[in-house]
Amino acid sequence: MDTPVAITLNEEKLLDLFSSFKDGIVTIDENYIIDSVNPNALKLLRMNESLVKGKRLPSLFPSNQLNLENFLQNVNSSLHYSDYRNYFPEHQRWFQFRAYPFNKEFSVFIKDVSGQIQNEQILSLEREVHLMQATQATLTHMLDHLLRGLEKIFPSYHAGLLELSKSGKLLNDLSSPSLPSKYKEQLVDMPIGPNAASCGTASFIKKPVFVSDIENDPLWKFCNQTALEAGFRSCWSFPVMDSKGEVMGSLGIYLSEKKLPSADEIKKLERFSYLISVLLEHQRIAQSIQLSDEIYKTVLRATNDAIWDYDMETKVMQWGYSLKKLFGHDSENTPYTLTDWIDDIHPDDRVRATSTFNTVINSDTLHYWEDEYRFKKADGDYAYVYDRGMIIRDENGKGTRMIGAMQDISERKKSEFILKELNDTLARRAAELEASNTELEKFAYIASHDLKEPLRMISSFLQLFESKYNHSIDAKGKEYIRFAVDGAERMKELINDLLDYSKLLKNITEPEWFNPSTELEEVSRMFNNEINLSNAKISFSHLPEIYANRNQFLQLLQNLIGNAIKYKSDQDPQIEISCKSTKRHWEFTVSDNGIGIDKEYHQKIFDMFQRLHSRSKYSGTGIGLAICRKITELHGGSIHVESAQGKGSRFVFTIRKLNS
Ligand code: ADP
């Protein structure tokens, strides 16, 4: 009696089990007609029991009906369980069927394996893309392939990838193999922002944006028309970020139904967005490497330096084209090694150059090496070179390479050498000149000083001779004596002026602060007679205190004012003295309304003994202005004249200010 009860219980348990099974379970008879179905099977098929029961199982799956028939047929004949797996578009899912034969009937387990299949497909798609990358496919090819693959794995998706412009403000279509062309047309320069549809907003906020109702979502308010016309109802966007977290673009998934992504979908799409970011970043790095490589090559060709690249690990040294151009060493056909370089350094410079080089190479802290040395060219001549290199270190600070440039400075060295020779000669000449000047000045001083005495004797004996023998000398003899006295007188003047000139360098008194007006008054007193006779007028405005040698300054004014009176025109002499201050000098002007000086003589008059008139017309020795020039030079200044014949003269001289 117990057994039926037990069986009943077991049946109940079995039914419980049948109902609670995670997979869908369907039992079918030999004609594949459905006997029973568990709730999960109904859930998977999205049908209720009445629609299912009594139906042939394959007929529920029109897209795979024939395949299922064959599958069940095979199981039936083999009497062994078997699997069938395929995509079922009517369910938008991958199902796996496992059928167990039992007395011509079957138990069929149905399982949704979409997730698993998608993962496998994604993995193999990733592999394909990496393979394309390895075979240097273009970015567009890889992205198109990836998005097509994505759409194949998720048949209800349409994918589009937008790239963010360099300005970081505009999005443009980068890959959208299946988007309708009308929709693609508008994917140009689309601004990003907080309300810029799905992709524009995702790029702006750097987070995914899921819009399940394009028609009514405020984010799409201003641009939903074309999307709706293309049949899209929802759009999910994932920002594509680089390794620094900067947005490079946005992956958009469009669906024709109103839908939000499941957690699993989000996870998978994020995986796609990550793969895209890797592809984009790789491309950018490759581009920048290519660019810098091109720049490097262009620099190598354009530069006049021999560029070298020393690999510190392999000890291999590579050279740019200029090694041949400049020094004749052909490194393209036979390598020009580190040893070749060392060998070609001049023996006298070798130890120094290589030891400074090695110091930098072996240091953890030094980055830069430079040296100048003689370098043997292929033809055996030596060139002077300026060589410098920079160390490139890895992330641990270990030096890996040293990049350098060797410059031929032979021409510069030659000019430097010539310049040095020239400077040396100049310095020698200047020293010789100074010595001979000093000698000359010494001589002039001694000569003029010593000449004074015999001259005085000549003059006084001539006078004595004239007074004593006056009565016995005829008129001719008296004339000769007058000539001799005049000559002696003139010689005295010359000697005195020469003495004044040479004294300038001998008896230099200390400079002092004084007001030049005092010296001017002194000069006026000295020329009192001449001023009265010629009716001259000397005027001067306010003059600043100056720091100079007072006696010399007095002599300077005396010569200039004396000349201004001496070389007067028909008019009464008008002499004006003024002074202005410049940055480094006091600039004095002594102007007159005298006979003036022709432009031709403006320089000459400052030379010793240079006179423009005969002594019969104007007395003088031609030393006065030479003294003026010397005094201004001794005061760190200069003198010049501005004048024209009959137009008066303007003598301008400068005195350097103290501390300037
Ligand atoms: P000296 O007056 O003894 O001849 P200077 O050296 O003083 O010698 O002057 C050189 C020459 O410059 C003068 O002979 C004269 O011809 C000319 N000279 C100098 N000062 C004036 C001036 N103020 N006006 C015109 N000529 C001048």
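First listed ligand is number 1; within each ligand, the first listed atom is number 1. For reference, positions follow the sequence shown, starting with 1.
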Residues in the immediate environment of ligand 1 (any heavy atom closer than 4.0 angstrom): Asn563, Ala564, Lys566, Tyr567, Asp592, Ile595, Gly596, Ile597, Ile605, Gln610, Arg611, Leu612, His613, Gly620, Thr621, Gly622, Ile623, Gly624, Leu625, Ser649, Phe651

List the atom pairs, donor and acceptor, that lie under 3.5 Å between side-chain atoms in residues 351-362 and the rest of the protein, sequence neighbours left out.
residue : atom : partner : partner atom : Å
Arg352  : NE   : Asp371  : OD1          : 3.4
Arg352  : NE   : Asp371  : OD2          : 3.3
Arg352  : NH2  : Asp371  : OD1          : 3.1
Arg352  : NH2  : Glu372  : O            : 2.5
Thr354  : OG1  : Arg350  : O            : 2.7
Thr354  : OG1  : Val351  : O            : 3.3
Ser355  : OG   : Val351  : O            : 3.2
Ser355  : OG   : Arg352  : O            : 3.2
Thr356  : OG1  : Arg352  : O            : 3.3
Thr356  : OG1  : Ala353  : O            : 2.9
Thr356  : OG1  : Trp369  : NE1          : 2.8
Thr356  : OG1  : Asp371  : OD2          : 3.3
Asn358  : ND2  : Thr354  : O            : 3.2
Thr359  : OG1  : Ser355  : O            : 2.6
Asn362  : ND2  : Asn358  : O            : 3.1

Where at least one partner belongs to residues 456-481, residue pairs that pass ring pair (Phe, Tyr, Trp, His ring centres under 6.0 Å), sequence neighbours excluded: Phe465-Tyr469

Ring centres under 6.0 angstrom apart (His635, Phe653): no

Arg388 and Asp305 ion-paired at < 4.0 Å: yes

Ile342 and Thr337, any side-chain heavy atoms less than 4.5 Å apart: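 Thr337 does not reach Ile342 side chain to side chain.
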
Any pair counted as salt bridge (charged side-chain N to carboxylate O under 4.0 Å, His left out), so long as it reaches residues 523-540, sequence neighbours left out: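 Listed once each, the pairs are Glu522-Arg525.
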
